[in-house]
Amino acid sequence: MPSISLPDGSRREYPAPVTVAEVAADIGAGLAKAALAGRVDGRLVDTSYPIAGDAALEIVTARDSEGVEVIRHSCAHLLAQAVKELFPGAQVTIGPVIEDGFYYDFAFDRAFTPEDLQAIEDRMRELAQADLQVQRREMPRDEAVALFRGMGEEYKAEIIAAIPAAEAISLYSQGDFVDLCRGPHVPSTGKIPAFKLTKVAGAYWRGDARNAMLQRIYGTAWPNRKELDAYLHRQAEAEKRDHRRLGRRLDLFHIQEEAPGMVFWHPRGWMLYTEIERYMRDRQRAHGYREIRTPQLVDFSLWQRSGHADKFGADMFSLQMDERAFAIKPMNCPCHVQVYNQGLRSYRDLPLRLAEFGSCHRNEPSGSLHGLMRVRGFTQDDAHIFCTEAQIQEEVARFIDFLHGVYADFGFDEVIYRLSTRPEQRVGSDEIWDRAEQALAEALNHQGLEWELLPGEGAFYGPKIEFSLKDVLGRVWQLGTIQVDFSMPERLGAQYVAADDSRQVPVMLHRAVLGSFERFIGILIEHYEGAFPAWLAPVQAVVLNITDRQADYAKSVTETLQNKGFRVENDLRNEKIGFKIREHTLLKTPYLLIVGDRETETQSVAIRTREGEDLGSLSLDRFVDLLGDSVRERGRGTKTTSAE
RNA sequence: GCCGGAAUAGCUCAGCUCGGUAGAGCAGCGCAUUCGUAAUGCGUUGGUCGGAGGUUCGAAUCCUCUUUCCGGCACCA
């Protein structure tokens, strides 16, 4: 006698057990058609799920995010079914839902071609059209292992064999296709309305590089054609923001074959870079850091003592000169300890904050290089705080405040916090790790921040907090970090004299706000789509004359603004004003100052923003104020000077 | 590093399937035009087709190796 309560608070009584689909039909024909799954007492189930007793029920449709996930998950199965029909030799493995879509990994003796992909997608459409019933059944584990082994599905059998023997396995079938799955799934293949296969790529079995390479097919699926199109449009928009493309178009930097993973900065890009560096230097000083500079090339033995050689020796650029081995520094920390070690330190010197815009090189795997985002030569806004254990929490808290201010100045306000704890390969005792992990967790809690735990993701010498932010497209980028290190100071002999005259080993906090300048600039380019706020724009304003008659006035305007410290250029070419406006708009210069006879006479400038807004004619003094304000507000500003 | 794809003028791309020593638009350069808010017109320069081998009478095109890039995977001190 199930009594079923619904989200609107109403209640329905049934004389006998009913399925989710039956309740949906009872409520209305429209809902019955839209039902993709159910949520019974909080648990997601199929629409065929029978409810025997009293329960709370929600009908899940494509309007719910879970409903969309069910569609994507079922679409992964549809993909697997199509592949098995077209390529019986392929073995199925796993097919999870991911953001905006799904993928399915197949073991196959060759790679799928783009033509295969098209054929598979066509077949999926036919199968969806056929509206095959999706059926769920359960089976004891060992029976399921035997079933899949019998079908030649070794990978699937291996997955099932890893499930505890006592658990019943749920299988889903549609047509002749059967797959192991937890579910739930849509009731029939016709409920997968809009999908597209997007790419094919290799992926390791169980995500481990020692295992076989599988063929992964990616796809996206949506409740309707319109949402699918909107998604594809978003993808195309994201592509327009690609920093590699904008980097070339805006003449910021380039990378070439002779120096893979290293950046050639052009004047405009370097202006942006040095502006950011100047800002960071200023902020750092204000937060009690002292800047230093340490060597690029250091005897290999230092890296052996620091422990880097053990774990990363193969990924360091090293060379042999005059029977001595050197390495180009991959990190700054061991060098910073050398600076710390000069002279005898007192507890009164702590905390000692040493900062360096440290140029580092790492031989990153060739396949991981990606524009400015992953390079082999980069510069960190690095610093090491030498302090006592008792000072850790306060230092971490101060750092978090510092970092929040910097991110806000760059126009980012959504920060994501993650705490990574001890990895398998590490230095230092468990007791030390306990203390370090706890100190970081407490600092986060003390600041009232919500954070996520990443077990095993810490650095080899200590746990870390990672600070990520969301850009304008909602993509998450990891930038800042603070790491507690109880090991390296000891390994490298750092000491201080405590109040009781004893010799103690300081704790070292590794920290960075932006991470690498290269990567951060890549993120900024994409976040702003190259339309940098005035304080960062390589050229803040450009003066355009209408005819040669105003050339002298245009030059004097340019000079006046340059003398006020602004980055201003002029464009005196004999071109139509519309042409010049178009060019400088495409170069995303914040302010276009147009001078014709009228402006020359009144000693003013007609201002047009890169957004196409006409600010009218202003006296030069008033424009100086306008630009000055625009620069001062940095990335916290309004629409005129930021992305959108 | 692994799987797959790509590399042709400064940029974006065509030519490659079916081998006969390269073509467009934009940019650049020259000339005319002096024109008030997103492309003025005409003319013109420019490439040993990523590199090295091979097949062939002949290779941008076919084969092998290699470098780099792109999309994933793995890695990321």
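In the text below, chain A, chain B and the rest are named by the order of the sequence lines, each starting its count at 1. This is a predicted model, so every value here is computed, not measured.
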Base, sugar-phosphate or nothing for [X]? Non-hydrogen atoms, less than 4.0 Å.
| X | result |
| --- | --- |
| H370(A) | sugar-phosphate |
| K329(A) | nothing |
| R216(A) | sugar-phosphate |
| G207(A) | sugar-phosphate |
| Q425(A) | nothing |
| D597(A) | base |
| G578(A) | sugar-phosphate |
| A201(A) | base |

Just the rounded figure in Å: distance from [atom2] of [N] to [atom1] of [X].
| X | N | atom1 | atom2 | value |
| --- | --- | --- | --- | --- |
| R210(A) | C75(B) | CZ | P | 10 Å |
| D116(A) | G5(B) | CG | P | 11 Å |
| L454(A) | C75(B) | CG | P | 14 Å |
| R573(A) | U33(B) | CZ | C1' | 15 Å |
| E466(A) | C76(B) | CD | P | 11 Å |
| L592(A) | G36(B) | CG | C1' | 14 Å |
| L544(A) | G36(B) | CG | P | 14 Å |
| E583(A) | A38(B) | CD | P | 14 Å |

Strand partner of [N], provided both Watson-Crick or wobble distances fall under 3.5 Å:
| N | answer |
| --- | --- |
| A6(B) | U68(B) |
| U12(B) | A24(B) |
| C18(B) | none |
| A32(B) | U40(B) |
| U61(B) | none |
| C76(B) | none |

Discussion item. I'd like to know if the side chain of E153(A) reaches the main chain of V92(A), judged simply by a donor and an acceptor atom lying under 3.5 Å from each other, with no hydrogens or angles considered.
Written reply: yes
Using the ring of each side chain (for Trp, its six-membered ring), is [X] parallel, tilted or perpendicular to [Y], with breaks at 30° and 60°?
| X | Y | answer |
| --- | --- | --- |
| H370(A) | H243(A) | tilted |
| Y104(A) | H77(A) | perpendicular |
| Y591(A) | F623(A) | perpendicular |

Nearest-angstrom distance, [atom1] atom, [N] to [M]:
| N | M | atom1 | answer |
| --- | --- | --- | --- |
| A52(B) | A7(B) | C1' | 16 Å |
| G4(B) | U48(B) | C1' | 31 Å |
| C42(B) | C26(B) | P | 10 Å |
| U21(B) | A38(B) | P | 47 Å |
| A24(B) | G20(B) | C1' | 22 Å |
| U45(B) | G23(B) | C1' | 16 Å |
| C49(B) | C16(B) | C1' | 11 Å |
| G43(B) | A59(B) | P | 36 Å |

Worksheet item: Got more than 12 heavy atoms from elsewhere within 6.0 Å of CD, E158(A)?
Response: yes
Nearest to the side chain of [X] - [options]?
| X | options | value |
| --- | --- | --- |
| Y461(A) | A77(B), G36(B), A74(B) | A77(B) |
| R549(A) | U37(B), U34(B), A77(B) | U34(B) |
| S368(A) | A77(B), C75(B), U34(B) | C75(B) |
| P330(A) | A77(B), U34(B), C75(B) | A77(B) |

Worksheet item: Which nucleotides of nucleotides 62-69 of chain B have their base under 4.0 Å from a protein heavy atom (B), which only their sugar-phosphate (S), and which neither (-), written as one string 5' to 3'?
Response: -----BSS
Looking at [X] and [N], is any side-chain donor or acceptor paired with a base atom of the opposite kind under 3.5 Å?
| X | N | value |
| --- | --- | --- |
| N574(A) | U34(B) | yes |
| Y204(A) | G72(B) | no |
| R426(A) | A77(B) | no |
| E364(A) | G1(B) | no |
| R374(A) | C75(B) | yes |

Under 4.0 Å between a side-chain N or O of [X] and OP1 or OP2 of [N]?
| X | N | answer |
| --- | --- | --- |
| K580(A) | C35(B) | no |
| R248(A) | U12(B) | yes |
| K199(A) | G72(B) | yes |

Worksheet, complete the sentence: Sorted by position of nearest nucleotide on RNA chain B, 5' first, the leading residue of L214(A) and E457(A) is L214(A)
Worksheet item: Pick the nucleotide of RNA chain B nearest each of Y218(A) and I577(A); which residue has the one closer to the 5' end?
Response: I577(A)
Any side-chain donor near an acceptor of the partner, [X] and [Y], under 3.5 Å:
| X | Y | answer |
| --- | --- | --- |
| N545(A) | K555(A) | no |
| S468(A) | E466(A) | no |
| Q338(A) | T294(A) | no |

Worksheet item: Does the ring of F102(A) carry R72(A) above it, NZ/CZ under 6.0 angstrom from centre and within 45° of its axis?
Response: no
So, [X] and [Y], do they make that salt bridge, N to O below 4.0 Å?
| X | Y | result |
| --- | --- | --- |
| K240(A) | E529(A) | no |
| E395(A) | R511(A) | no |
| R206(A) | D105(A) | no |

Practice prompt. Evaluate whether the aromatic ring of F579(A) and the six-membered ring of the A39(B) base sit under 5.5 Å apart, centre to centre, with an inclination under 30°.
Written response: no
